[in-house]
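Note on naming: letters A, B, ... go to the chains in the order of the sequence lines (proteins, then strands), and numbering restarts at 1 for each one. When reading the values below, keep in mind they use all heavy atoms of this one structure, side chains included, and skip hydrogens, waters and symmetry mates.
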Amino acid sequence: MSYDAIIIGSGAGGAASAYQLSRLGLKILLLESGPVYDPVKDYLLHTNGWELTTFPDKNVRKPWYNFGKMQILDKRHETLRSWNHIHGLQNQTMRRLAVRYSHIQGLGGSTLHFTGEAHRLNPASMKLKTDFAVGADWPVSYEELEKYYVQAERIVGVAGAANDKVRTRSQPYPLPPHPLSYASQKIAAACKKLGLNWVQNSLAVLSQAYDGRPECNYCNQCNRGCPRRDKGSVDVTFLAKVDPQRCTIKTGCHVLYLTPGKNDRIDGVHYVDETGKSIYAQATWYIVACGAIATPRLLLNSKNAYAPDGLANESGQVGRNFLESVSWTSCAIAKEPVGTQRGLPADGICWDFNGPQSIPGLVGGCRFSLAASEANLTGPINYANRVVSGWGIQHKQLLRQTFGRVVAIGGIAEQLPNPASFVALDNVQVDEFGMPKATIYSHLAEMDIDRLKFMAGKTRDILQAMDVETVFEEYGVYDRFNAAHVFGTCRMGESAQDSVVDRYCCSHRWRNLSIVDGSVFPSSGGGEAPSLTIEALALYACENIHRRIVQKEA
Amino acid sequence: MANSAKSKKLVKRRGLRVNTSRRNFVKFAFCALPVIRLWAPVEIYAQGVNLDIPSMLRALLDILIPKDTTPSATELGVDRKILGKLERYKYYSVLVEKGCLWFEQQSMHIYKTPFLALQQAEQVKLMQQAEKSGLKDPQNNFFRALRQDAYTYYYSDPRSWEGLVYAGPPQPSGFPDFNQRPVVRAEKKT
């Protein structure tokens, strides 16, 4: 069978691409390496043991990535160590610990477990090179993306308030904002004392019934998968809307490599299907959307005489410029019950330091939001194990007094590219298909660490302004790599010399290859969640792909 | 029944034979001594020590989670779940054996009495010793793992939730009162 386009990966970028191209009348094959998740059967939030797992990952594939040597920790930064009042330091060594790259392989990708935040990028964060002589500029402007943001917001159903003066809007949010939870109201009051603005977050979670899906019932467990389908993960939004006559979706299909061919064109894609059968598929256009670790891995593994350094790696930038979420969380016990377990994981947010020059003395911004749910502090098991110390009768009594009193505030900040952060192929280790594993090399530069210090200080200030009883746990990426949002490894740019794809997410050289995922981000923004921007970019890029296919430019 | 049958199986590990059933004790033979010597502080008592791991776990678990207005750990079957885990994971069974042996040896060393024959106050003192020992000590590893698992299994049982301001699993009801001051007393979901 012949396709107009083959899309590899079904997360935010792949799903939005499948939606846009099939809507425009093209015939698509969407390949996903993971399984399908049934929100009703697979998500366990109605069971007594719901707290025993986070997202119920049913992918049985063996690890496909590992880590390079992590950096030595510095005694000057002891205040950034991750700790818990019962368990002590979470990393007992003096070297940064590689915990994991937090992602989901499955139809819908990591949107299956995302918090639901639907952010537009701060336009000022897209011009770091021009304005601050650091990082790289986006070759596409916020204004060019704006109408695609609107389209994406309508498809996923974003609820938000008109409280953002930085990101101008041509249309209002499709849905009214969610009210702040009681815990969030308390944080808002504390922020007000400090002169900070704690506002309603924009979320791809339905505040009213919308598009055949019900409104949220505020169970606070978006990260464990939404059984009601009110969270706008792409499996229940973009992919639910694709025409099955035009879009063939195959799950359990592991792509090994694309085949570079003559005339700067990709000839085909080689994958192993769920039965173990090797298949070679061809199309007019190829879109890679596997995320900022798996995408460079696939491209670097797709080398032959036509592309001896790996596919689309003429600039040598595939895998370089790796950016991660620089994050910090402080958790405390409030003096009164706040009902931690209720609401939405990140219903409130402080954008005051989001702009690239908002943090005094530093370049690159950050944001703060509610974090108890992401910290997995919403059920009795984690209270018993992490919040309440001791054991015996006293522990039981203390747990009864403490449950529902945790408040947690998290910060996420920009990371600037540095030469020691990159993704490469492992020369020795391979996955179950014989494909080299990706090796993640991560390094935090001094300014990243300074941003972490700023966030740690600010979260502690807010908790102090809340007059909490005690801070019992803090953790961040200084001593533990644990990233969900990753970027930059196939960045977009105007010049073929220092970027992998152009302003339309098309390879500078390869005439029928595009990349649409977080890997094309030249900068990460000041803590914005990336899924909405990836979706908007995909919608934008696919309009161009459609035009080029129709006009036979490919 | 299945658990009981499983727990009666003799599990062979590292040359030690440990009976995980209640009634059948197995004495450590001389062949075990080189292994014990590596980490046992008072190895003299290891000779001829009878380790009834299920009974020791039950005693330890009910020290960690005793009965008050809610059931004790063993009343909610936490011991059976831990024994099940012990049979599934070799590393865990080694950890538990080392931990129980430490308790037994300390008991003999300090009180000249087997652990299971101690008064509960004395057992509690040994638990406190294990908790306060160094992070790399096997008894501390055992204590932390047991505490973690005990609370994990215990608080996944709805019978443990009585008295908590916790209304049960997040779905299907959610929390429609999420933006209100929380109620002070627990209300069961209907």
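- Residue contact with chain B, scored on non-hydrogen atoms closer than 4.5 Å, involves the side chain of A:Glu336 exclusively.
- In this structure the side chain of A:Asn385 reaches within 4.5 angstrom of the side chain of B:Arg147, judged on heavy atoms.
- In this structure, B:Leu164 CG and A:Leu399 CG are separated by 5.0 Å, a value rounded to the nearest 0.5 Å.
- For A:Leu52, the part lying under 4.5 angstrom from a heavy atom of chain B is the side chain only.
- Remark: A:Gln397 CD to B:Thr69 OG1 distance equals 8.0 Å, nearest 0.5 Å.
- Contact of A:Val40 with chain B is not made at all, since no heavy-atom distance falls under 4.5 Å.
- Contact of A:Arg224 with chain B is not made at all, since no heavy-atom distance falls under 4.5 Å.
- Both the backbone and the side chain of B:Thr70 have a heavy atom closer than 4.5 Å to some heavy atom of chain A.
- Both the backbone and the side chain of A:Pro380 have a heavy atom closer than 4.5 Å to some heavy atom of chain B.
- Listed options A:Gln221, A:Arg400, A:His46 were ranked by heavy-atom pairs under 4.5 angstrom with chain B; first place goes to A:Arg400.
- Ring geometry for A:His395 against B:Tyr151 counts as parallel: the plane angle stays under 30°, on a 0 to 90° scale with 60° as the upper cut.
- With a threshold of 4.5 angstrom between heavy atoms, A:Gln341 approaches chain B through its backbone and through its side chain.
- Residue pairs meeting the ring pair (Phe, Tyr, Trp, His ring centres under 6.0 Å) criterion with at least one partner in residues 199-220 of chain A, sequence neighbours excluded, are A:His178-A:Tyr218, A:Tyr218-B:Phe178.
- Looking at A:Ser181, both its backbone and its side chain come within 4.5 Å of chain B, counting heavy atoms on both sides.
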